[in-house]
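Next up is a structure, given as structure tokens.
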There are 2 protein chains.
Amino acid sequence: MGAMRRARHPDPDEISLIDVLGALNDPIRVGLVRVLADGRERGWGELRVPVAKSTLSHHLRVLRDAGITRTRQEGTRCFVELRGGDLDARFPGLLGAVLDAAHRDDVGGHVGVVDGLPEARADRKPGAPQIES
Amino acid sequence: MGAMRRARHPDPDEISLIDVLGALNDPIRVGLVRVLADGRERGWGELRVPVAKSTLSHHLRVLRDAGITRTRQEGTRCFVELRGGDLDARFPGLLGAVLDAAHRDDVGGHVGVVDGLPEARADRKPGAPQIES
DNA sequence: TTCGACGTTTCACGAACATCGAACAAGGAG
DNA sequence: CTCCTTGTTCGATGTTCGTGAAACGTCGAA
């Protein structure tokens, strides 16, 4: 892959408030966080976002650099996950308050995951070839 | 005064989450909110901020436009106040979480109020001329 | 090996932003 | 009236940000 060269996850203590607020200052990224709020890990082929591939990559990097998400690589595919625990340990209540607010106003509502496929995650390797919608 | 022409306070319902997060995405503005967090109204001659006059005016406008603060004019002087109630009614817990987090990391710690003068507020018109330190 | 799917990086561009100094407006004090 | 104080507005400047297209790297399958 592009090697994900500059990819680094900040330690829990290194997470900066301003960086978090800055990362959350965008409807698309708030939408991504909302999608991930159920704690499930998502491959970002699953993510439905109305932007170009490269822009999505950029947004996911901002979230990762801010310490909001964790990224894992498996072969050629990548997976995101919310760092809910780390975030709540460092800034108690912040993430929850933002998620509540975002839900009220439907901020980032245009972001979603692929429909159908109730269990489309990393836990299936072979087997049924999984028809894409 | 400059008449404060474009000054408008959004209604409580009009307060936008993205605008609030955007307004809070700056150490100086976070510092201003921290100073106002005690609920006291402050004249912005009291505010000690390491920026130029016009820049402070700008930051206070951003906070006001986002619905975070309320501004009042008395003669040639202006006063700010946190809209804690409105904010908490609309986005419960958000402001508190941000303030807690900002306090932990001392974000915006370089913002303060004039020292001494424990009761420097709008409730004194005449009387003692109030020596400026 | 060749091909295709997937994600990253680079580059460029326009918009938004933070900052300052200068010019301006409105009151208050003399 | 003339200053002085206070705050706004207006460029100007440099920075950051969101965006997409194109090129690239990597992996798995044919």
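A quick note: this is a predicted structure, and the numbers were derived from the prediction, not measured.
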Practice task
Check every atom of D/dG18, D/dT19, D/dC27 against the side chain of A/T76 and return the nucleotide holding the closest atom.
Solution key: D/dC27
Handout entry: Upstream residue (5' side of DNA chain D) when B/L56 and A/V62 are each assigned their closest nucleotide
Key =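 The residue closer to the strand's 5' end, by nearest nucleotide, is B/L56.
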Handout entry: d(CG, A/N25; P, C/dC17) in whole Å
Key =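 Result: 8 Å.
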Practice task
Tell me whether the OP1 or OP2 atom of C/dA5 has a side-chain N or O from A/W44 closer than 4.0 Å.
Solution key: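 Indeed not, no polar side-chain atom of A/W44 lies that close.
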Practice task
Would you mind reporting whether A/F79 and A/R42 have side-chain heavy atoms less than 4.5 Å apart?
Solution key: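 Counting from C-beta outward, A/R42 and A/F79 never come under 4.5 Å.
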Completion exercise
Which of A/V107, A/V111, A/D105 passes side-chain contact (heavy atoms from CB on, under 4.5 Å) with A/V30? It is A/V107
Exercise for the section: Provide, to the nearest angstrom, the distance between the CG atom belonging to A/D26 and the P atom belonging to C/dC17. Expected result: 12 Å
Practice task
Give every residue pair that meets the salt bridge (Lys or Arg N to Asp or Glu O under 4.0 Å) criterion with at least one member in residues 10-20 of chain A, sequence neighbours excluded.
Solution key: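 Residue pairs with at least one partner in residues 10-20 of chain A: A/R8-A/E14.
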Practice task
Please evaluate the base of C/dG7 for a donor-acceptor partner in the side chain of A/S57 within a cut-off of under 3.5 Å?
Solution key: no
Handout entry: Any donor-acceptor N or O pair under 3.5 Å, side chains B/H59, B/R29
Key =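 Judged by distance alone, the side chains do pair up.
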Practice task
Would you mind telling me which of C/dA5, D/dT9, C/dT8 lies closest to the side-chain atoms of B/S54?
Solution key: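 Closest nucleotide among those given: D/dT9.
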Exercise for the section: Please tell me if the side chains of A/L95 and A/V33 come closer than 4.5 Å, counting only heavy atoms from C-beta onward. Expected result: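 They are in contact (side-chain heavy atoms under 4.5 Å apart), so the answer is yes.
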Handout entry: Nearest-angstrom distance from the residue atom NE2 of A/H58 to P of C/dC6
Key = 22 Å
Practice task
Would you tell me if any nitrogen or oxygen in the side chain of B/H59 comes within less than 4.0 Å of OP1 or OP2 on C/dC17?
Solution key: no
Handout entry: Nearest-angstrom distance from the residue atom CD1 of A/I18 to C1' of D/dC17
Key =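 Whole-Å distance recorded here is 16 Å.
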Fill in the blank from the handout: Picking from C/dT19, D/dT9, C/dT8, the nucleotide nearest the side-chain atoms of B/R61 would be D/dT9
Handout entry: Spacing of B/K53 atom NZ relative to D/dT5 atom P, expressed in whole Å
Key =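 Spelled out: NZ on B/K53 to P on D/dT5 is 10 Å.
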Problem - Separation of atom CZ in B/R77 from atom P in C/dA29, rounded to whole Å - result: 9 Å
Exercise for the section: Provide, to the nearest angstrom, the distance between the CZ atom belonging to A/R72 and the P atom belonging to C/dG7. Expected result: 12 Å
Handout entry: Distance-only donor-acceptor test (3.5 Å): side chain A/T55, base D/dG18
Key =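 There is none.
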Handout entry: Whole angstrom value for the distance that separates P of D/dG18 from CG of A/L63
Key = 10 Å
